[in-house]
Amino acid sequence: MELDLLGERRRTHHCGELRKAHAGQKVFLAGWVARRRDLGNLIFLDLRDHTGVVQVVLNAEGSPEAHAKAEQVRSEFVVGVEGEVVPRTAGTVNPQIPTGEVEVNGQTLLVLNEAKTPPFPIEDETRTVEETRLRYRYLDLRRSRMQQNIRLRDRSNQTVRQHMAGHQFIEIETPFMTRSTPEGARDYLVPSRVRQGQFYALPQSPQLFKQLLMMAGFDRYFQIVRCFRDEDLRADRQPEFTQIDVEMAFPLRDELFEIIEQLMEKLLALVEVKAPRPFPRISYGDAMEKYGSDKPDLRFGLEWRRLELPDGKLNAVKGFQAAKALRVPGASTKISRSQFDRYQEILRQQGASNAAYLTLSEAGIQSRMKNALGDDGLQAIAAAVGAESGDLVILVGADSTARDKVHSLDEASGWLRLELARKLELIEPGLWSFAWIVDFPMFAYDPKEKRFAAMHHPFTSPREEDLAKLESDPANVKALAYDLVLNGQEIGGGSIRMHRRDIQQRVFKVLGLSDEKARERFGFFMDALEYGAPPHGGIALGVDRIVALLAGESSIREVIAFPKTASAVDLMCEAPSPVDANQLWELGLVHHYEAEHCDCGGLWVFEYEDVDRAPSVGAPPEVSCPVTHDRIARPYSRRWGAKHRATGSHGWAMVREFS
RNA sequence: GGGGACGUAGUUCAGCUGGUUAGAACGCAUGCCUGUCACGCAUGAGGCCGCGGGUUCGAGUCCCGUCGUCCCCGCCA
């Protein structure tokens, strides 16, 4: 159909803002057709923009031209409407939409663009599978729910900038093309063309840069910054994600906490929510003991307690050498035996060795442990957790008191705590519960690699009082690290850093990083520590997770405009994708080749298995066809590469080793 | 890398113990309709049952493989 031009027309209003007060005004609106209701000589259009929907009436009598055009219009057409706002008559008011008391009497209709029928309806309540939504993300984002989410994210960012600026933090950009770091997650790599065989890494976080900014005297820095990690995805994990990165020199931990708590208060206010302040502080040890998690959900009770009976009877039972108990008030009849058997199975998988339960009633305490412990044993357990008639008491145990066994036991107990909260519906909606988790261990022992790894990251300072045992007893050194937890989700973490080179060097040593290795990887950073590094520390907050919580979404994909799937694929633009052969050659990523005639008549170039036959980097290889053994007269060139794209079933073989 | 769920019309789904021509709703198309707002009514089009193999007289249905999406473990702050 013939399209109209917008010309010099400007919108006078947005669709969603029209009210009774606008009655009588002549307006020009523009937007998408959400719905058309054609009654013959009378056509209604629901016109939508990001502010909402308003009803436009086209009457064949009053404005025959506009009405005729409206007959051609379909869903998602882009139209402009000139007309008059009129109040609706008594019986025709629509109380379901904010603009329902008025409608626009359309006098002129401009069809600015046509639209194919969308693959799914552009409605708030979509049950369309995420795959389709992601493939047509630009349509998905038209839905008002997504509009609200993305706009909430914007307001969150604005709040952050305003708040941080108010506390004299300045925003400084740090590089995306940087150096690979050994600790932590896998890096995304960017090959260098000018220095073949060498790579930039996308930052997992701007950690070193923000510390260097402190050394540079910038005092208070923040940045809303993209970070990259090449690890497997989850509902709350994307390969690229956004952090509010914060660092300050001469830090007082409590001052930083105060600034962040105020910020969180302002962010919650965006969705009209309040959380009690100050946020409770829980040591890592307590969190693991009581909640079985370093990110405890404090919206409900249920606290585990370590259990040791004075007579040692319990610890004599197989699988209860280390034991904890949990009182579940009023739940004595709520968990069936078969239900508990299922729990027990999962607890075992998670590393607990045994589990049992006690039910308390007027009739006394029932448990399969009765034979082993006797009535007084059961009484002692009930007393230890303060259980009363009607309560359920759950025991979990490990078959040794070794650190890693107890740790697994703690994690299993944490799983059960969350499971019980779900099952018994203990989480009251509308509750928001923050906590600071503090006093993390400095190191975590990695039994596979047989070495200590930094629990937070290798630049975290140990507590001063633990410095003496850094080498002698690393497992018991606590770090000046902290996490911020909201409703059982980790939304941020940080630490006071080391600003002294001698201590940094000692920590590297514990981590098994030799002087040479450390120098090779962080030489510049070690140097910087020697030129007057101030005490400093900071935190990084997860924007995606925070906004998802604010928006009430369970996946961070719902608050990211263009997210990736669980296999790190962008379904819309189909990234990652194969690249032109000449791009690979230019980057020095393909070192040795074999050539083969393809069905298409083109030439496919493959990796040699025999590395000795590989041409050296920098010189285009001469290739021959393995079928005919004819030498290709012309050496491989960029022009050829461009001609024979590296797509199709053959794909490309990449070289893993570099000479 | 491992485990689980799912994959049928544009969309959301049904399809029994394998049985002959694969259904529904919404959407879409055409026509009628001046107060609809999830408009209504009538008619109609629309399917590589994800893909490949196997079992069988016969496969949407059973088996094996594979691809994709989601969730979880590992991994990751």
Side-chain angles (χ1 to χ4, degrees), chain A residues 34-47 53-62 67 71 74-76 86 88-97 99-100 103 105 115-136 139-140 183-187 204-205 207 227-239 241 243 294-295 346 349-351 411 415 437 440 444 446 448 453-457 460 479 481-485 489-495 539-542 545 554-555 557 563-569 571 574:
Chain A
R35 213 167 221 115
R36 185 182 68 127
R37 289 178 294 278
D38 185 347
L39 277 67
N41 282 326
L42 194 62
I43 296 176
F44 298 96
L45 298 181
D46 288 345
L47 190 63
V53 173
V54 69
Q55 174 163 280
V56 176
V57 196
L58 289 312
N59 195 318
E61 254 169 46
H67 176 271
E71 284 185 324
R74 294 294 182 267
S75 281
E76 298 312 312
V86 295
R88 298 209 201 173
T89 54
T92 63
V93 167
N94 182 355
Q96 287 167 323
I97 54 173
T99 60
E103 62 192 7
N105 201 344
K116 297 210 289 192
T117 303
F120 52 88
I122 313 296
E123 288 166 0
D124 240 18
E125 284 299 313
T126 185
R127 265 168 299 161
T128 309
V129 289
E130 207 175 347
E131 193 176 345
T132 315
R133 292 175 50 206
L134 289 177
R135 188 154 278 132
Y136 299 92
L139 296 180
D140 189 39
E183 295 276 331
R186 267 189 289 272
D187 287 318
Q204 298 173 24
S205 81
Q207 186 58 39
C227 305
F228 307 87
R229 288 177 192 160
D230 188 4
E231 296 294 343
D232 287 350
L233 284 74
R234 287 284 191 287
D236 62 351
R237 273 169 21 197
Q238 284 272 305
F241 61 100
Q243 287 191 341
D294 60 359
K295 43 179 181 179
I346 300 171
Q349 283 166 19
Q350 306 223 347
E411 289 190 327
W415 170 83
I437 309 300
F440 278 85
D446 183 344
K448 250 184 291 169
M455 189 133 171
H456 187 70
H457 57 56
T460 300
Y482 33 81
D483 275 359
L484 181 59
V485 172
Q489 283 197 49
E490 183 203 327
I491 57 167
S495 63
I539 192 168
L541 302 165
R545 289 181 186 179
S554 55
S555 162
R557 291 188 299 272
K564 293 181 177 56
T565 68
S567 45
V569 167
L571 290 175
E574 298 181 305

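Remember, predicted model here, so these are calculated numbers, not experimental data. So you know, we letter chains A, B, ... as the sequences are listed, proteins then strands, and number each from 1.
- When the C1' atom is used for both B/G31 and B/A24, the distance is 24 Å, rounded to whole Å.
- Nucleotide B/U34: unpaired (no Watson-Crick or G-U wobble partner with both distances less than 3.5 Å).
- Although no hydrogens or angles enter the test, the distance criterion places no donor-acceptor pair under 3.5 Å between the side chain of A/Tyr482 and the main chain of A/Gly493.
- As rounded to whole Å, 15 Å separates atom C1' of B/C76 from atom NE2 of A/His457.
- Across all strands, A/Asp230 comes closer than 4.0 Å to no nucleic acid atom at all (heavy-atom distances).
- One can place CZ of A/Phe228 at 17 Å from C1' of B/A77, the figure rounded to the nearest angstrom.
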Could you walk me through whether A/Thr117 and A/Arg74 pass side-chain contact (heavy atoms from CB on, under 4.5 Å), step by step?
CA-CA 8 Å; A/Thr117 303; A/Arg74 294 294 182 267; over 6 Å; no

Please evaluate residues A/Thr565 and A/Leu134 with respect to the criterion side-chain contact (heavy atoms from CB on, under 4.5 Å), reporting the C-alpha separation (whole Å), side-chain torsions for both, the decisive distance (0.1 Å), and the verdict.
CA-CA 8 Å; A/Thr565 68; A/Leu134 289 177; 4.0 Å; yes

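- Counting to the nearest Å, the P atom of B/C33 and the CG atom of A/Asn41 are 7 Å from each other.
- At the heavy-atom level, A/Glu61 lies under 4.0 Å from base atoms of the strands shown.
- Annotation: of the two residues near RNA chain B, A/Ser555 and A/Arg186, the 5′-most nearest-nucleotide partner is A/Ser555.
- Whole-Å rounding puts the A/Leu233 CG to B/G74 P distance at 15 Å.
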Contact list (N/O, under 3.5 angstrom) for nucleotides 66-70 of chain B vs protein:
residue : atom : partner  : partner atom : Å
B/G68   : O2'  : A/Glu131 : OE2          : 2.9
B/U69   : OP1  : A/Thr565 : OG1          : 3.0
B/U69   : OP1  : A/Ser567 : OG           : 3.3
B/U69   : OP2  : A/Ser567 : OG           : 2.8
B/U69   : O4'  : A/Glu131 : OE1          : 3.2
B/C70   : OP1  : A/Ala566 : N            : 3.3
B/C70   : OP2  : A/Ala566 : N            : 2.8
B/C70   : O3'  : A/Arg557 : NH2          : 3.1

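- Here the side chains of A/Lys564 and A/Val569 are not in contact, with every heavy-atom distance at 4.5 Å or above.
- Base pairing of B/C28: its partner is B/G44, meeting the Watson-Crick or G-U wobble criterion (both donor-acceptor distances under 3.5 Å).
- Counting only heavy atoms from C-beta on, A/Arg237 has its side chain closest to B/G74 among B/G74, B/A77, B/C28.
- Comparing B/C71 with B/G58, their C1' atoms are spaced 37 Å from each other, to the whole Å.
- The gap from the C1' atom of B/G50 to that of B/G68 amounts to 8 Å, rounded to the nearest Å.
- With both ends at atom P, the span from B/G1 to B/G46 equals 43 Å, rounded to whole Å.
- Rounded to whole Å, the distance from CG on A/Leu484 to C1' on B/A77 is 13 Å.
- A/Asp124 pairs by the side chain to side chain donor-acceptor pair (under 3.5 Å) definition with A/Ser144, not counting sequence neighbours.
- Classification of A/Arg36 and A/Asp38 as a salt-bridged pair holds, one side-chain N sitting under 4.0 Å from a carboxylate O.
- Distance check on atom P: B/U11 versus B/U17 gives 28 Å, rounded to whole Å.
- Side-chain N or O atoms of A/Gln243 include none that pairs as donor or acceptor with a backbone N or O of A/Leu541 at under 3.5 Å.
- When the P atom is compared between B/C6 and B/C13, the two are found 12 Å apart, to the nearest whole Å.
- A donor-acceptor contact closer than 3.5 angstrom is absent between the side chains of A/Gln55 and A/Asn94.
- Taking atom CD of A/Glu71 as the reference point, atom C1' of B/U34 lies 13 Å away to the nearest angstrom.
- A/Leu233 places a side-chain heavy atom less than 4.5 Å from the side chain of A/Gln238.
- For B/G19, the paired base is B/C57 (Watson-Crick or G-U wobble, both distances below 3.5 Å).
- The pairing partner recorded for B/A77 is none, the criterion being a Watson-Crick or G-U wobble arrangement whose two distances lie under 3.5 angstrom.
- Nucleotide B/C76 holds its P atom 14 Å from the CG atom of A/Asp294, rounded to whole Å.
- Remark: B/G68 base-pairs with B/C6. Criterion, Watson-Crick or G-U wobble with two distances under 3.5 Å.
- The shortest side-chain heavy-atom distance between A/Glu490 and A/Asp294 does not fall under the 4.5 Å cut-off.
- Atom CD1 in A/Ile43 sits roughly 15 Å away from atom C1' in B/G40 (whole-Å rounding).
- Atom P of B/G27 sits at a distance of 7 Å from the matching atom of B/C39, rounded to the whole Å.
- Shown here are the salt bridge (Lys or Arg N to Asp or Glu O under 4.0 Å) partners of A/Asp140, two or more places apart in sequence or in another chain: A/Arg133, A/Arg137, A/Arg143.
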Between the protein and nucleotides 5-10 of chain B, are there any N/O to N/O pairs under 3.5 Å, and if so, what are the atom names and distances?
residue : atom : partner  : partner atom : Å
B/G10   : O2'  : A/Pro119 : O            : 2.8

Using atom names, set out every protein N or O paired with an N or O of nucleotides 36-38 of chain B below 3.5 Å, distance rounded to 0.1 Å.
residue : atom : partner : partner atom : Å
B/U36   : O2   : A/Arg37 : NE           : 2.7
B/U36   : O2   : A/Arg37 : NH2          : 3.4
B/U36   : O2   : A/Gln55 : OE1          : 3.2
B/U36   : N3   : A/Gln55 : OE1          : 2.8
B/U36   : N3   : A/Gln55 : NE2          : 2.9
B/U36   : O4   : A/Gln55 : NE2          : 2.7
B/U36   : O4   : A/Arg88 : NH1          : 3.3
B/C37   : O4'  : A/Arg37 : NE           : 3.0
B/C37   : O2   : A/Gln55 : OE1          : 3.3
B/C37   : O2   : A/Asn94 : ND2          : 3.1
B/C37   : N3   : A/Arg88 : NH1          : 2.6
B/C37   : N4   : A/Arg88 : NH1          : 3.3
B/C37   : N4   : A/Thr92 : O            : 2.3
B/A38   : OP2  : A/Gln96 : OE1          : 3.2
B/A38   : O3'  : A/Arg35 : NE           : 3.4

Report, one pair per line, the protein and nucleotides 29-32 of chain B atoms (nitrogen or oxygen only) whose separation is under 3.5 Å.
residue : atom : partner : partner atom : Å
B/A29   : OP1  : A/Arg74 : NE           : 2.8
B/U30   : OP2  : A/Arg74 : NH2          : 3.1

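- Within the 4.5 Å cutoff, the side chain of A/Arg237 has heavy atoms near those of the A/Arg545 side chain.
- The same atom, P, is picked in B/G4 and in B/C63; the two are 14 Å apart, to the nearest Å.
- When each of A/Asp232 and A/Gln243 is assigned the nucleotide of RNA chain B with its nearest heavy atom, A/Asp232 is the one assigned upstream, toward the 5' end.
- With contacts defined as side-chain heavy-atom distances shorter than 4.5 Å, the pair A/Thr99/A/Ile97 qualifies.
- Between the CD atom in A/Gln207 and the OG atom in A/Ser495 there is a gap of 6.5 Å [rounded to 0.5 Å].
- A salt bridge is defined here as a Lys NZ or Arg NE, NH1 or NH2 lying under 4.0 Å from an Asp or Glu carboxylate O, and A/Arg35 with A/Glu123 meets this definition.
- With A/Arg186 contributing its side chain and A/Arg229 its backbone, the two residues share no donor-acceptor pair below 3.5 Å.
- Nucleotide B/A14 forms a pair with no other nucleotide shown, judged by Watson-Crick or G-U wobble geometry with both contacts under 3.5 Å.
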